[in-house]
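Okay, structure first, notes after.
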Amino acid sequence: MSHIINEPSHTFNEYLLIPGHSTCECIPANISLKTPLVKFSRGEAPALSMNIPMVSAIMQSVSDDKLAVALAIEGGVSFIYGSQSVEAESAMVRRAKDYKAGFVRSDSNIAPDATLTQLLAAKERTGHSTFAVTEDGSAQGRLLGLVTSRDYRLSRMDGSEKVRDFMTPFSSLVWAREGVTLSEANDIIWANKLNALPIIDDAGRLCSFVFRKDYDNHKRNPNELLDERKRYVVGAGINTRDYSERVPALLDAGADVLCIDSSEGFSDWQKLTLAWVREHYGDSVKVGAGNVVDARGFRFLAECGADFVKVGIGGGSICITRETKGIGRGQATALIDVCAERDRWFKETGVYIPVCSDGGIVYDHHITLALAMGADFVMLGRYFARFDESPTAKVNIGGTYYKEYWGEGSARARNWQRYDLGGEKALSFVEGVDSYVPYAGSLHDNVAMTTSKIRSTMCNCGALSIPELQEKAVLTLVSSTSIVEGGAHDVIQKDAIAAVK
């Protein structure tokens with residue numbers, strides 16, 4: 001007879017936090033949301049950490065290069081979706097990595113014999129207003145000058161003029177030699193009131209640019225997550241089929257961390273994928289794995305070498321795996337079970353493997369509950385799909401704006417690799433739906449509000465950091481009646497009356 005667990009599994013909505021003692025030090029400004037992204041040994045610092053405990057889901061309708069940049073600015077990490085060609089995913093990673101750096105390789109270049117019409121076409125194609133004029137039009141050719149919108153007047157030119165005749169020549173440029181530090185480059189920019197500073201080598205070839213806007217953006221966004229070269233940290237999804245081709249391409253594009261995108265991680269397919277990565281790259285390449293819902297699944301992936309483990313099956317708002325296949329577990333119970341095993345693993349081995357809670361987040365306070373239950377960070381799909389920066393269309397339905405949102409197991413995505421059980425290369429039945437979510441505006445504004453709520457609740461619990469929250473938190477199960485009591489009840493809200501009028 002099968003083993004039966006008679007205790008019910010629970011969701012986040014069935015728990016509340018009991019307030020703890022809040023000292024005068026417990027104010028939102030003092031709260032740290034810094035959290036590890038990948039495993040580390042006792043006494044060591046993790047190779048990758050985040051400034052907020054939020055990552056975006058590996059989904060077509062959520063994570064592309066635009067959202068990756070927006071989330072990294074806030075201090076989190078986006079995992080660009082892998083249900084596309086290797087070339088397309090690598091291009092998204094590369095665009096996100098190139099979006100901002102202390103020293104940016106120029107991707108807007110033009111030859112001196114090009115015409116104004118050709119320049120305008122390139123400007124339309126790239127969206128950039130500053131072009132390096134190099135001898136051969138390449139990113140690393142000998143620098144001859146710069147062209148910006150200040151160098152030409154469309155009303156007085158017919159488009160046939162050569163770039164060499166209206167560019168700002170090299171002799172009039174302020175530039176710096178290769179080897180200059182970022183601090184020195186920014187000082188030159190400010191001293192000379194420049195928007196861009198070209199960096200050249202001893203032969204006069206263009207190496208890179210330093211832009212004023214990057215310095216300004218960094219000052220406005222102190223939480224932004226950058227690598228050692230001052231580029232945004234970017235993640236990418238892989239599968240258990242074409243990893244030998246996809247992983248090298250993503251690493252070449254600059255991906256900082258990878259994650260196996262699978263509906264169920266307790267499998268030899270993930271073991272084989274992780275073994276291949278370790279054989280070819282050792283521990284230098286960081287790869288998360290999952291998803292699992294119990295201690296056995298966590299230990300399996302830990303033994304396979306996962307850098308973090310994702311928890312959750314069937315709890316996503318567009319996921320119908322539980323309905324279709326009858327597998328899964330309430331997200332809160334699954335998370336508590338896995339995190340307890342994570343702590344046992346740490347005690348046994350001295351290696352801490354971060355846990356990511358994936359799915360089941362409906363309200364902002366569910367994120368704080370997940371952290372209190374032991375999660376190091378949460379993966380969100382529906383949450384990020386609502387924002388301007390997600391890759392889907394914004395539509396007007398009945399006077400209300402929505403964003404499209406579909407699951408990787410839906411007929412629209414047809415991501416068969418995510419549900420691969422070693423059979424034919426096809427999605428035999430759907431495990432996700434195609435839907436809409438209410439449009440919510442910019443990622444920055446919403447993430448700021450969400451993290452503000454997390455910090456406030458942590459203050460109520462007397463915790464100044466996520467590890468302290470996990471140590472001090474007291475959670476209580478609530479009844480269905482208590483859930484009703486927790487919202488507005490026994491009143492007629494003014495908004496409802498206004499809607500009737």
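Excluded from the calculations below are hydrogen atoms, water molecules and symmetry mates; all remaining heavy atoms, backbone and side chain alike, are included. Remember, predicted model here, so these are calculated numbers, not experimental data.
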Query raised in the report: Is there a donor-acceptor pair under 3.5 Å between the side chain of D65 and the backbone N or O of A68?
Result: no
**Report entry** Test item: N223 side-chain N/O and G75 main-chain N/O as donor-acceptor pair under 3.5 Å
**Finding:** no
Query raised in the report: Between T240 and Q270, does any side-chain donor sit less than 3.5 Å from a side-chain acceptor?
Result: no
Requested in this report: Check whether the side chains of N186 and S183 place a donor and an acceptor atom closer than 3.5 Å, and report yes or no.
Outcome: no
Query raised in the report: Under a 4.5 Å cut-off applied to non-hydrogen side-chain atoms, are Y436 and Y405 in contact?
Result: no
Query raised in the report: Are R212 and W190 close enough that some pair of their side-chain heavy atoms sits under 4.5 Å apart?
Result: yes
Requested in this report: State whether the side chain of Q60 and the backbone N or O of Y81 hold a donor-acceptor pair below 3.5 Å, judged by distance alone.
Outcome: no
Query - Nearest atoms (heavy-atom pairs only) where D201 meets E178 - result: CB-OE1, 3.4 Å
Query raised in the report: Is there a side-chain contact between R177 and I200, using heavy atoms and a 4.5 Å cut-off?
Result: yes
Query - Rounded distance (nearest 0.5 Å) linking atom CE of M54 with atom CD1 of I361 - result: 9.5 Å
Query raised in the report: Do any N or O atoms from the side chain of T115 and from the backbone of S160 form a donor-acceptor pair under 3.5 angstrom?
Result: no
Requested in this report: Evaluate the side-chain proximity of V247 to Y281: yes if any heavy-atom separation is below 4.5 Å, no if none is.
Outcome: yes
Report summary line: Shortest non-hydrogen pair, K39 vs A306, comes out as CD-O, 3.5 Å
Report task. Find the distance between CG (D376) and CZ (F308) and round it off to the nearest 0.5 Å. Result -> 11.0 Å
Query raised in the report: Quick one: does F377's side chain get under 4.5 Å of L37's, heavy atoms only?
Result: yes
Query raised in the report: Do you see a donor-acceptor pair shorter than 3.5 Å between the side chains of D261 and N239?
Result: no
Sequence neighbours left out, cut at 3.5 Å: what donor-acceptor pairs do the side chains of residues 381-391 make with other protein atoms?
{"unit_1": "R382", "atom_1": "NH2", "unit_2": "V362", "atom_2": "O", "d": "2.9"}
{"unit_1": "Y383", "atom_1": "OH", "unit_2": "N446", "atom_2": "O", "d": "3.2"}
{"unit_1": "Y383", "atom_1": "OH", "unit_2": "T450", "atom_2": "OG1", "d": "2.6"}
{"unit_1": "R386", "atom_1": "NE", "unit_2": "Y383", "atom_2": "O", "d": "3.0"}
{"unit_1": "D388", "atom_1": "OD1", "unit_2": "Y439", "atom_2": "OH", "d": "2.5"}
{"unit_1": "D388", "atom_1": "OD2", "unit_2": "Y439", "atom_2": "OH", "d": "3.3"}
{"unit_1": "D388", "atom_1": "OD2", "unit_2": "S442", "atom_2": "N", "d": "3.4"}
{"unit_1": "E389", "atom_1": "OE1", "unit_2": "L443", "atom_2": "N", "d": "3.0"}
{"unit_1": "S390", "atom_1": "OG", "unit_2": "A385", "atom_2": "O", "d": "3.0"}
{"unit_1": "S390", "atom_1": "OG", "unit_2": "F387", "atom_2": "O", "d": "3.1"}
{"unit_1": "S390", "atom_1": "OG", "unit_2": "K403", "atom_2": "NZ", "d": "3.1"}

Report task. Keeping the roles fixed (side chain from N396, backbone from G399), state whether a donor-acceptor pair exists under 3.5 Å. Result -> yes
Query - D151 (side chain) donor-acceptor with T148 (main chain) under 3.5 angstrom - result: yes
Query raised in the report: Are the side chain of E468 and the backbone N or O of L464 linked by a donor-acceptor pair below 3.5 Å?
Result: yes
